[in-house]
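The block underneath contains the structure these notes are about, expressed in structure tokens.
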Amino acid sequence: MTDATGSRLQAVVEAAQGRGERVVVVMAATTRTASLDAFARALDFPAWFGRNLDALADCLCERAPSDGGALHVVWADAGRLDEADPDGARGIRAVLRDVAKEHPTLHVTVLAGQ
């Protein structure tokens, strides 16, 4: 991660925390599977997480707060996956977008980085 990316990440995290949101940063990897694993670790997905896009959507929906709070997921350095696996990156972005639309308490920021 470059200094510029780190500054953007810090700004996003601080802004979300300033709004009272719980923030989870997920670092992208160079494969879709490794990126999905990063989501699973960062968000403490259950053991049944299937390491696919449908399972990502299901687990994100389960993590969306229902108690009036908000969760802000920051997918950082996503450009790594864009370069290595554009289809995988598009798939994850689509899931993040769709789940965020469905759950107003789940906010998502994607930082391309590099």
Side-chain angles (χ1 to χ4, degrees):
M1 183 173 356
T2 64
D3 288 338
T5 301
S7 296
R8 286 192 323 224
L9 175 58
Q10 183 177 353
V12 169
V13 169
E14 288 175 359
Q17 289 173 334
R19 293 186 299 271
E21 299 170 353
R22 183 171 71 91
V23 179
V24 175
V25 177
V26 179
M27 296 303 296
T30 56
T31 68
R32 178 173 52 179
T33 300
S35 291
L36 292 170
D37 287 343
F39 278 96
R41 281 188 307 277
L43 290 156
D44 195 29
F45 287 170
W48 59 259
F49 176 65
R51 299 174 78 198
N52 60 59
L53 297 176
D54 288 337
L56 175 63
D58 291 344
C59 288
L60 285 171
C61 287
E62 285 189 1
R63 293 297 184 263
S66 58
D67 62 358
L71 171 63
H72 196 120
V73 177
V74 182
W75 190 30
D77 211 8
R80 296 179 66 202
L81 189 59
D82 286 330
E83 291 176 14
D85 181 1
D87 290 337
R90 274 191 297 277
I92 291 173
R93 276 188 172 86
V95 168
L96 294 173
R97 181 187 59 245
D98 292 348
V99 171
K101 281 183 185 176
E102 184 178 333
H103 296 278
T105 61
L106 180 68
H107 306 268
V108 175
T109 299
V110 177
L111 298 175
Q114 299 204 13

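All values below come from the heavy atoms of this structure, side chains included, with hydrogens, waters and symmetry mates left out. Throughout, numbering of the chain's residues begins at 1 and tracks the sequence.
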Can I get a per-line list of side-chain donor-acceptor pairs under 3.5 Å for residues 96-104, giving both atom names and the distance, sequence neighbours left out?
none

Please round to the nearest 0.5 Å and tell me the distance separating atom OG1 of T33 and atom CG of D85.
-> 8.5 Å

Would F39 and V74 show up in the same hydrophobic cluster when neighbours are defined by side-chain heavy atoms closer than 4.5 Å?
-> no

Can you hop from L60 to L71 via hydrophobic side chains spaced under 4.5 Å?
-> yes

Co-membership, hydrophobic cluster, residues M27 and V73, 4.5 Å side-chain = no

Separation between CD of E62 and CG of L106, rounded to the nearest 0.5 Å | 12.5 Å

Begin from the C-alpha positions of D58 and W48 and carry the test side-chain contact (heavy atoms from CB on, under 4.5 Å) through to its verdict.
-> CA-CA 11 Å; D58 291 344; W48 59 259; 4.2 Å; yes

Could you give all pairs that pass the ring-ring contact (aromatic ring centres under 6.0 Å, His included) test and reach residues 14-35, with sequence neighbours left out?
-> none

Determine the minimum heavy-atom distance between A89 and D82, stating which atoms define it.
-> CB-OD1, 3.1 Å

Specify the closest pair of heavy atoms between S35 and I92, including all atoms of both residues, with the distance to one decimal.
-> CB-CD1, 3.9 Å

For the pair H107 and H72, name the ring-plane relationship: parallel under 30°, tilted 30 to 60°, perpendicular over 60°.
-> parallel

Heavy-atom closest pair, residues F49 and L36 = CE2-O, 3.7 Å

Honestly curious: do L111 and V26 fall in one hydrophobic cluster under the side-chain, below-4.5 Å linking rule?
-> no

Check: R63 side chain, L43 main-chain N or O, donor-acceptor pair, under 3.5 Å | yes

Can any side-chain N or O of T30 pair as donor or acceptor with the backbone N or O of R80 at less than 3.5 Å?
-> no

V23 to Q17 - nearest heavy-atom pair and separation = CG2-CG, 3.8 Å

Could you check if a side-chain atom of W75 sits within less than 4.5 angstrom of a side-chain atom of L81, using non-hydrogen atoms only?
-> yes

Scanning both residues in full, the closest heavy-atom pair of V25 with A76 reads CG1-CB, 4.1 Å

With rounding to the nearest 0.5 Å, note down the distance linking CZ in R32 to CG in L53.
-> 5.0 Å

D54 to N52 - nearest heavy-atom pair and separation = N-OD1, 3.1 Å

Starting at CZ of R8, measure out to OG1 of T109 and round the result to the nearest 0.5 Å.
-> 11.0 Å

